[in-house]
Amino acid sequence: MSTAELRSVLDGDGGRFIYLSAALAALNGLLFGFDTGIISGAFLYIQDTFAMSPLIEGVVVSGAMAGAALGAAVGGRLADRIGRRRLILLGAGVFFVGSLTMAVAPSVPVLVAGRLIDGVAIGFASIVGPLYISEIAPPRIRGALTSLNQLMVTVGILVSYFVNFAFADAGAWRWMLGAGMVPAVVLAIGMLKMPESPRWLLEQGRTDEARAVLARTRSEGVDEELAEIRTTVEKQSGTGLRDLLQPWMRPALLVGLGLAVFQQITGINAVIYYAPTILESTGFGSVTSILATVGIGVINVGMTVVAIALIDRVGRRALLLVGIGGMVLTLGVLGFVFYVPGFGGALGWIATASLMAFVAFFAIGLGPVFWLLISEIYPLATRGSAMGLVTVANWGANLAVSLAFPILTANVGRPSTFWLFGLCSLVGLVFVYRFVPETKGRTLEAIEDDLRQNISLAD
Ligand code: BGC
């Protein structure tokens with residue numbers, strides 16, 4: 001790209017500026033993925049520096065998830081109050097402080113504090129990344145653009161594996177944890193140049209600014225979209241929180257909360273966080289296990305790219321149904337393989353292939369589609385708060401599964417644990433079939449209209 005072309009994109013030439021804004025905002029996803037993935041490697045070496053009780057170990061590892069739940073609880077309201085863009089800037093600052101605190105921590109309490117601060121930023125990022133992108137995107141490509149955020153989550157996880165690998169010989173855990181400062185700075189600097197969400201601006205009565213942002217991010221249809229958003233704003237009944245409790249909101253809350261929980265209780269993070277342990281038990285050596293784990297990370301990224309290519313064409317429901325259906329099958333196979341006595345050899349390879357297929361099916365369905373749908377189905381006035389509520393449920397379920405997985409495998413065994421995830425996936429499949437709406441190609445305002453008129457979202 002020539003300098004003149006780059007300048008025209010930066011200045012906003014309607015069509016292409018939108019891609020730049022979405023890509024930058026998707027750095028929220030990168031930080032989310034990187035900061036959740038990095039701890040598994042760093043933790044091995046932190047133990048050499050500090051003596052920790054098992055309880056404190058648990059807090060160091062899962063502290064970020066608890067922090068994320070807190071961040072999501074506060075972040076949703078903040079997104080509605082201070083705006084999407086300012087929350088991204090604030091979040092980048094919190095990421096920076098959290099990573100710095102962990103990197104220089106002289107003691108365990110400071111390390112735990114850093115991990116919690118970092119978690120709060122992860123909570124902010126998990127909401128505001130998809131929220132911001134879905135509100136600036138034109139309906140035709142909203143699915144693909146918003147899912148860039150999930151793509152960057154998967155890239156962040158993969159990068160964290162490599163960073164862990166790079167610093168492993170030196171045992172340099174401070175560098176591993178401190179590395180998160182780099183994307184935080186890029187995000188902060190980049191966002192200074194990016195516009196606020198036109199929908200939030202209009203909601204604040206800042207019509208001229210909203211029009212300017214639409215003009216900068218659309219090549220056509222600016223006036224129509226502005227009029228549509230304005231009509232929606234006029235229908236608002238009052239404060240966002242009150243809306244959240246209205247009976248007409250229930251179908252949307254059910255969909256969001258259901259997907260939030262199913263995204264986690266079907267076991268993705270048991271695989272993402274414990275892949276090396278699971279793989280070693282299939283008879284692989286540690287190096288092969290680590291390589292296979294990287295393979296899982298690559299598949300996660302690759303299949304998210306496939307999802308992005310399909311999401312605005314085949315729609316959200318089709319991807320969810322195929323993805324969860326595949327998860328049911330692969331989990332069934334995994335349980336069976338682990339069940340067979342004297343497991344190893346060829347079965348070890350089948351287990352590995354099934355683990356990879358399981359991640360592929362997650363990446364094409366529940367991974368991106370959950371975050372996309374929850375940024376689409378809530379009314380403007382309460383969108384941040386509603387996403388906050390649903391995201392808290394997602395982090396809560398994530399924490400519960402991560403803590404329960406080692407306990408479950410120790411007590412009921414690995415086959416039953418995987419079958420339990422499989423059963424949850426089966427219920428999830430029925431749930432999606434029955435309740436989840438198709439939002440492909442529609443404006444956010446049209447989706448909200450259906451909700452207000454009590455048209456069941458799934459019809
Ligand atoms: C989930 C995370 C998960 C990641 C894996 C995200 O959508 O919310 O819990 O670790 O996908 O790619």
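Fair warning: this is a prediction, and the values are worked out from it, not measured in the lab. Just so you know, ligand 1 is whichever comes first in the structure, and atom 1 is the first atom listed for that ligand.
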Let me have the donor-acceptor pairs involving side chains of residues 406-415, under 3.5 Å, with sequence neighbours excluded, atom names and distances please.
unit_1 : atom_1 : unit_2 : atom_2 : d
Thr409 : OG1    : Phe405 : O      : 3.0
Thr409 : OG1    : Pro406 : O      : 3.1
Asn411 : ND2    : Ile407 : O      : 2.8
Arg414 : NH1    : Ser281 : OG     : 2.6

Compile the donor-acceptor pairs under 3.5 Å between side chains in residues 143-156 and protein atoms, sequence neighbours left out, one pair per line.
unit_1 : atom_1 : unit_2 : atom_2 : d
Thr146 : OG1    : Arg142 : O      : 2.7
Ser147 : OG     : Gly143 : O      : 2.7
Asn149 : OD1    : Gly29  : N      : 3.2
Thr154 : OG1    : Leu151 : O      : 2.6

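In summary, of the residues considered (Asn398, Asn394, Asn269), a side chain to side chain donor-acceptor pair (under 3.5 Å) with Gln263 occurs for Asn394 alone.
Take Arg313 and apply the side chain to side chain donor-acceptor pair (under 3.5 Å) test, not counting sequence neighbours, and it matches no residue.
Side-chain atoms of Arg442 never come within 3.5 Å of backbone atoms of Pro139 as a donor-acceptor pair (strictly under, hydrogens ignored).
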Ligand 1: which protein N/O atoms lie under 3.5 Å from its N/O atoms?
unit_1   : atom_1 : unit_2 : atom_2 : d
ligand 1 : 7 (O)  : Gln150 : OE1    : 2.8
ligand 1 : 7 (O)  : Gln150 : NE2    : 3.2
ligand 1 : 7 (O)  : Gln263 : NE2    : 2.8
ligand 1 : 7 (O)  : Trp371 : NE1    : 2.9
ligand 1 : 8 (O)  : Gln263 : OE1    : 2.9
ligand 1 : 8 (O)  : Trp371 : NE1    : 3.3
ligand 1 : 9 (O)  : Gln264 : NE2    : 2.9
ligand 1 : 9 (O)  : Asn269 : ND2    : 2.8
ligand 1 : 10 (O) : Asn269 : OD1    : 2.6
ligand 1 : 11 (O) : Gln150 : NE2    : 3.1
ligand 1 : 12 (O) : Asn300 : ND2    : 3.0

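Ionic pairing of Glu376 and Arg316 is present here: one or more N-O contacts between side-chain nitrogen and carboxylate oxygen are shorter than 4.0 angstrom.
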